[in-house]
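Reviewing the structure listed below.
Order of listing sets the numbers, starting from 1, for every ligand and every atom in it. Since the structure is predicted, the reported quantities are computational estimates derived from the model, not experimental observations.
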Amino acid sequence: MRKQIAEAKRIVVKVGSALVTNNGEGLDHVFIADCAQQISALHDSGREILLVTSGAIAAGMQRLGWRKRPHAMHDLQAAAAVGQLGLAQAYETIFVQHELKAAQVLLTHEDLADRTRYLNARSTLTTLLRLGVVPIINENDTVVTDEIRFGDNDTLAALVANLVEADALVILTDQDGLYNADPRSNPSAKLVFEGRADDRSFEAMAGGAASSISTGGMVTKIRAAQRAAKSGAHTLIANGRVEQALRRVLQGEPLGTFLYASSTPLLARKQWLADHLQFAGTLVLDDGAVSAMRSGKSLLPIGVTKVLGDFERGAVVCCADLRGVELARGLVNYSASEARRIMRHGSNEIESLLGYVSDDELIHRDNLVLI
Ligand code: GLU
């Protein structure tokens with residue numbers, strides 16, 4: 001089973017406050033340097049890494065001279081806004097030393113629930129990966145408070161794994177993984193080596209609902225694994241204090257708890273589209289586009305002869321041939337009115353027709369499922 005994690009190419013790595021900060025006071029630059037060195041080595045070996053990191057609040061508290069973590073949400077948000085600069089700077093400084101390019105991405109759960117913003121975030125992140133840049137992601141604590149209250153970015157990391165269809169999610173924490181009982185009160189508690197991410201008994205082992213309000217307990221990690229599995233990503237929860245933990249788990253070494261997804265990313269995507277049977281419109285394709293699509297290519301505007309219905313960017317649309325036979329469904333990159341303007345035209349004409357270009361494709365092959 002660990003082979004699957006060793007073969008993962010696109011990986012979301014999440015590091016929580018327990019690792020990035022010195023007991024919540026200021027940033028742990030030694031850890032950040034160590035983390036950057038491992039990411040750099042993984043990047044050099046051809047892997048695509050997206051880093052989801054907390055630490056903004058702790059860094060902000062130090063900058064503001066606050067010794068105690070405030071309770072008021074607006075104080076925590078203010079601290080996060082101050083600290084995010086220092087957090088990004090800490091990674092940027094060390095990444096430069098490794099000749100690695102980084103980008104700052106601040107997201108909210110709502111961004112990922114809204115289809116249009118979902119597509120926008122997805123194309124930015126996949127473009128960054130294509131450019132060899134490591135996205136450094138945190139929750140946008142100025143406008144939302146979900147992760148401050150509930151998850152220390154565990155949920156956000158899973159949503160990012162869904163968004164970019166990552167092969168794996170690695171959650172680094174200060175514990176060795178999931179135990180089958182509380183190791184503090186039960187000396188015979190054993191580390192869970194592996195299991196299915198959707199195995200419901202893990203939630204109870206992690207402490208059940210009672211601890212779900214604490215920031216970043218094991219429960220939010222288990223739920224993150226369940227969520228990541230929905231798009232086919234396997235999750236590994238491991239102790240980030242163990243030497244070279246990230247590299248070692250990604251080589252398949254038996255560290256931490258491995259929670260595997262039972263379906264492949266492709267099956268998961270098909271399921272997702274199948275769940276959205278209500279499509280908002282239809283694109284009628286010429287024969288050339290039909291055969292291109294059947295051989296696994298994206299749909300370009302030039303191959304579309306007619307646009308039926310009214311839909312927004314990000315909607316699920318049906319693709320049919322000239323006889324009206326449905327052959328695929330997918331997430332469309334342009335609204336119905338934009339699609340009408342660019343259909344039958346080459347992708348290089350999109351900018352002159354619309355005044356901007358979102359994507360060269362009308363539907364990218366990654367967002368397309370053949371029926
Ligand atoms: N996004 C927050 C941060 O970067 C979450 C961590 C927390 O709640 O301490 O600091």
*Taking all atoms of both residues into account, what is the closest heavy-atom pair of Ser54 and Val20, and its distance?*
O-CG1, 3.7 Å
_Side-chain donor or acceptor of Thr145 paired with backbone N/O of Asp141 under 3.5 Å_ = no
*Shortest heavy-atom approach to atom 5 (C) of ligand 1 - which of Leu87, Thr145, Asp152, Thr53*: Asp152
*Can you sort out which atoms of ligand 1 are near Ser17, meaning under 4.0 Å from one of its heavy atoms?*
6 (C), 7 (C), 9 (O)
_Numbering as shown, the atoms of ligand 1 that approach Ile148 to under 4.0 Å (heavy-atom distance)_ = 8 (O)
*Which distance, rounded to the nearest 0.5 Å, do you find between the CG of Asp176 and the CG of Asn239?*
5.0 Å
*Between Met61 and ligand 1, which residue portion shows a heavy-atom distance shorter than 4.0 Å: side chain, backbone, both, or neither?*
neither
Would you tabulate the side-chain donor-acceptor contacts of residues 91-102 under 3.5 Å, counting partners in other chains and residues two or more places apart, or write 'none'?
from  : atom 1 : to    : atom 2 : distance (Å)
Tyr91 : OH     : Thr53 : OG1    : 2.9
Thr93 : OG1    : Gln89 : O      : 2.7

_Yes or no: does Arg149 have any heavy atom under 4.0 Å from an atom of ligand 1?_
no
_Atom indices of ligand 1, in the order listed, that fall short of 4.0 Å to a heavy atom of Ala56_ = 3 (C), 4 (O), 10 (O)
*What atoms of ligand 1 come closer than 4.0 angstrom to any heavy atom of Asn138?*
1 (N), 3 (C), 4 (O)
*Would Arg2 count as a cation-pi partner of Tyr260, with NZ or CZ less than 6.0 Å from the six-membered ring centre and within 45° of the ring normal?*
no
*asked:* Thr235: which residues meet the side-chain hydrogen bond (donor to acceptor under 3.5 Å, both in side chains) condition with it, sequence neighbours left out?
replied: none
*Any donor-acceptor pair under 3.5 Å linking the side chain of Asn180 with the backbone of Lys190?*
yes
*May I ask whether Ala80 places a heavy atom under 4.0 Å from ligand 1?*
no
*What do you reckon, does Asp141 have a nitrogen or oxygen under 3.5 Å from a nitrogen or oxygen of ligand 1?*
yes
